[in-house]
Amino acid sequence: KDNHQQRNAEGLVRRHGAWIYHDMVDPEANVRVVAPHITEIMGDGDMREKAKDALGGGKTLNAAEIIAQGVIHTHL
C-alpha cells in the first residue's frame, strides 16, 4: 500500500539505528537471512553503541511532546 512503515524506518536505517529486512514469508528463510546479522550485532559493541545513539542514546523520546514544543516555539 503506502509502505509508510518502511519509510518511517528508513530514517533510523540512515542513522544506523535500525536495519530493514524483507519478509521471505518462510520463517526458516527469514532466520537464515537475519541470524548472521543478529550475531554480528551481538559481537560488535561499536555497532550497538551507534544504534543506541541513533535511537536517542537510551532516552525515551515522546514524539507528541517534541512536536508540541516545536509548535509552541514556532508560534510564540
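Residues satisfying the side chain to side chain contact (heavy atoms under 4.5 Å, CB included) test with D46, not counting sequence neighbours, are D44. Considering only residues two or more places apart in sequence or on other chains, H16 meets the ring-ring contact (aromatic ring centres under 6.0 Å, His included) condition with none of them.
A single hydrophobic cluster is not seen to contain both L12 and W19; linkage of ILVMFWY side chains at heavy-atom distances under 4.5 Å, directly or through other members, places them apart. Hydrophobic cluster membership is shared by M47 and V33, with clusters built from Ile, Leu, Val, Met, Phe, Trp and Tyr side chains linked at under 4.5 angstrom. Under the 4.5 Å side-chain heavy-atom criterion for grouping Ile, Leu, Val, Met, Phe, Trp and Tyr, M24 is not connected to I20 through any hydrophobic cluster. Taking hydrophobic clusters as Ile, Leu, Val, Met, Phe, Trp and Tyr residues chained together by side-chain heavy-atom distances below 4.5 Å, L55 does not share a cluster with I41.
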Worked check of salt bridge (charged side-chain N to carboxylate O under 4.0 Å, His left out) between K52 and E49
CA-CA 5 Å; K52 183 178 93 174; E49 194 65 29; 3.5 Å; yes
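The local environment of CD in E40 is crowded, with over 12 non-hydrogen atoms from other residues, nucleotides or ligands closer than 6.0 Å.
A donor-acceptor pair is defined here as one N or O able to donate and one able to accept, closer than 3.5 Å; no such pair exists between the side chain of N30 and the backbone of D23.
Within the 4.5 Å cutoff, the side chain of H22 has heavy atoms near those of the Q6 side chain. Proximity of V34 to H37: side-chain heavy atoms (C-beta onward) are nowhere separated by under 4.5 Å.
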